[in-house]
Amino acid sequence: MPFGEVVCGSPGSGKSTYCYGKQQLFTALNRPISIVNLDPANENIPYPCAVDIASLIKLEDVMNEFGLGPNGGMLYCMEYLEANYDWLEDRLKELDRDDYVLFDLPGQVELSTNHPSVKNIIRKLTKGGFRLAAVHLCDAHYVTDASKYVSILMLSLRAMLHLELPHINVLSKVDLITQYGDLDFNLDFYTEVQDLSYLENLLNQQSPRFAALNMQICSLTEEYGLVGFETLAVEDKESMLNLMRVIDKANGCIFVPPPTVGQPPDTVDTSHLPASQRPNMYSLMTSAAGPIKGPRSDVRDVQERWIDAKDEYDAWENAQWRREGEQVQQEAAKKKAKIRERNPKAERKAT
C-alpha cells in the first residue's frame, strides 16, 4: 500500500521548493521517495522527477493548438490526464512499491477547489491503493493582512471540502514573514484560527464597505471548525521534520526501514538477539498516534525563532555552522596528511 501526498496551493506558494526539500530530507533519512510532476507548465523542475506529465501533454502545445489561454489550457491538460489515467497508472506501477510518492499539482486554485478532474484522479489513486494526504500551501505573508488572511481561510476550507482527503494546511515561507510587517496578533492566533471576531476592527478599517460580508465569511469558517495551519520554513531541518511527522500521522504512515538497509552508524545491531531482547516494533503505532513533540511542534517556538528573536537565532546558527565547517576541514586535513594519533599504552610499553 503506497503512501504519499498531494501538494497543492496557489502560484508562488512554494510547492516545487517544498517537494525538492522533502526529497532531500527523505534521502538523508534513507526513506525512498518519488516525485510526480502533474504541472504541464513547470519547465524548470528543481527536483529529480520520476514521472512527468510533460511526456504526455504540454501546456504550450495545448495553447497553440486550441487557442486557449493559460487557465483554459491548464484545465484542458487536467481533463486530458483524467481521460488518459491509464498512462499515469502505468508509470506509477514502474515505481518501487516502498516509495513515498509526492504529487506536485499546478498552481491554479480552481483545480483543487471546484474543478472535478483532479478530484477524480485522486479518487482513482485511492481506489488503486494509495494512502494520500493533501498538503495545501499558503504563503505566510497573507497573515500580515486581515483581509488576505480571511481569503486564505476560505480557500483552505474550500480545498478541504473538495478534495476529501486527510488535509494539512501549511503557512509556507514563515521564515520570511517579518519582511512584510508586524503581526497584529501572536502567530498562534492565525495557525489555530481562534476567535475571528477580533479581526472585525481591522477589517472595518481596511474595507468598511464589505465589513458585514467579511464577518459572515469568518462566521462560516468558524462554524465548520476545520481550518488550522502548520508552519513551514523549507531550509529549517526541524520545521521540515515536524511537518513530516504531522503528514505521516494524517495518512497513517509509519516508516520502518527494510532489513537490507542495515544499521545506521553508531547504533547497536540487535538483529542477532532473541525477540525478547530486540526493540518493541509494536510500540511504533503508539508513538505515531501520540502527541508530536519536537523543536518546531509548538507554534510559540516558531514565533520565537522566526519573529521575536530571528536575528539572535540566525547568529547562533551561523556560529554553529562555522564550527561544523571548521571540524570538517580539520578532519579532511588529518586524512590528507595521514596523521596517526599516538597510542599512550604503546608508548608506556616501549619505555
Same hydrophobic cluster for [X] and [Y], using side-chain heavy-atom links shorter than 4.5 Å among ILVMFWY?
X	Y	value
Y80	L125	yes
L88	L95	yes
Y18	F3	yes
L220	L155	no

With rounding to the nearest 0.5 angstrom, report the [atom1] to [atom2] distance, [X] to [Y].
X	Y	atom1	atom2	result
L81	W87	CG	CH2	7.0 Å
H136	K15	NE2	NZ	8.5 Å
D104	L38	CG	CG	7.5 Å
D39	I53	CG	CD1	8.0 Å
L111	K119	CG	NZ	14.0 Å

Side-chain donor-acceptor pairs under 3.5 Å in residues 159-168, sequence neighbours left out?
unit_1: H162; atom_1: ND1; unit_2: T113; atom_2: O; d: 3.4
unit_1: H162; atom_1: NE2; unit_2: H115; atom_2: O; d: 3.0
unit_1: H167; atom_1: NE2; unit_2: N169; atom_2: OD1; d: 3.0

Suppose the criterion is ring pair (Phe, Tyr, Trp, His ring centres under 6.0 Å): which pairs have a residue in [range], not counting sequence neighbours?
range	value
residues 305-330	none
residues 32-63	none
residues 190-214	Y149-Y190

Give every donor-acceptor pair under 3.5 Å between a side-chain atom in residues 173-189 and any protein atom, sequence neighbours left out.
unit_1: K173; atom_1: NZ; unit_2: G12; atom_2: O; d: 2.5
unit_1: N186; atom_1: OD1; unit_2: Q303; atom_2: NE2; d: 3.2

Can you list the residues that meet the ring-ring contact (aromatic ring centres under 6.0 Å, His included) rule with Y100, with sequence neighbours excluded?
->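 Partners of Y100 by the ring-ring contact (aromatic ring centres under 6.0 Å, His included) criterion, ordered by chain and then number, come out as F26.
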
Among L202, T221, I217, which residue meets the side-chain contact (heavy atoms from CB on, under 4.5 Å) test with V150?
->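 Result: among L202, T221, I217, I217 is the only option passing the side-chain contact (heavy atoms from CB on, under 4.5 Å) with V150.
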
Side-chain donor-acceptor contacts of residues 59-76 below 3.5 Å, not counting sequence neighbours, with atom names and distances?
unit_1: N64; atom_1: ND2; unit_2: E60; atom_2: O; d: 3.1
unit_1: N71; atom_1: OD1; unit_2: Q108; atom_2: NE2; d: 3.3

Report yes or no: does S172 contribute a side-chain atom to a donor-acceptor pair with the main-chain N or O of S13 at less than 3.5 Å?
-> yes

Excluding sequence neighbours, so at least two apart, what forms side chain to side chain donor-acceptor pair (under 3.5 Å) with Q24?
-> Y20

Residues that K310 engages under side chain to side chain donor-acceptor pair (under 3.5 Å), provided they are two or more places apart = D314

Determine all donor-acceptor pairs shorter than 3.5 Å in which one atom belongs to a side chain in residues 137-146; sequence neighbours excluded.
unit_1: D139; atom_1: OD1; unit_2: H141; atom_2: N; d: 3.2
unit_1: D139; atom_1: OD1; unit_2: H141; atom_2: ND1; d: 3.2
unit_1: T144; atom_1: OG1; unit_2: H141; atom_2: O; d: 2.5
unit_1: D145; atom_1: OD1; unit_2: S147; atom_2: N; d: 3.1
unit_1: D145; atom_1: OD1; unit_2: S147; atom_2: OG; d: 2.5
unit_1: D145; atom_1: OD1; unit_2: K148; atom_2: N; d: 3.2

Only distances under 3.5 Å count here; give the side-chain donor-acceptor pairs of residues 238-248 to other protein atoms, sequence neighbours excluded, each with its distance to 0.1 Å.
unit_1: S239; atom_1: OG; unit_2: A233; atom_2: N; d: 3.0
unit_1: N242; atom_1: ND2; unit_2: R296; atom_2: O; d: 3.4
unit_1: D248; atom_1: OD2; unit_2: R31; atom_2: NH1; d: 3.0

Contact list for residues 46-56, test salt bridge (Lys or Arg N to Asp or Glu O under 4.0 Å), sequence neighbours left out | none

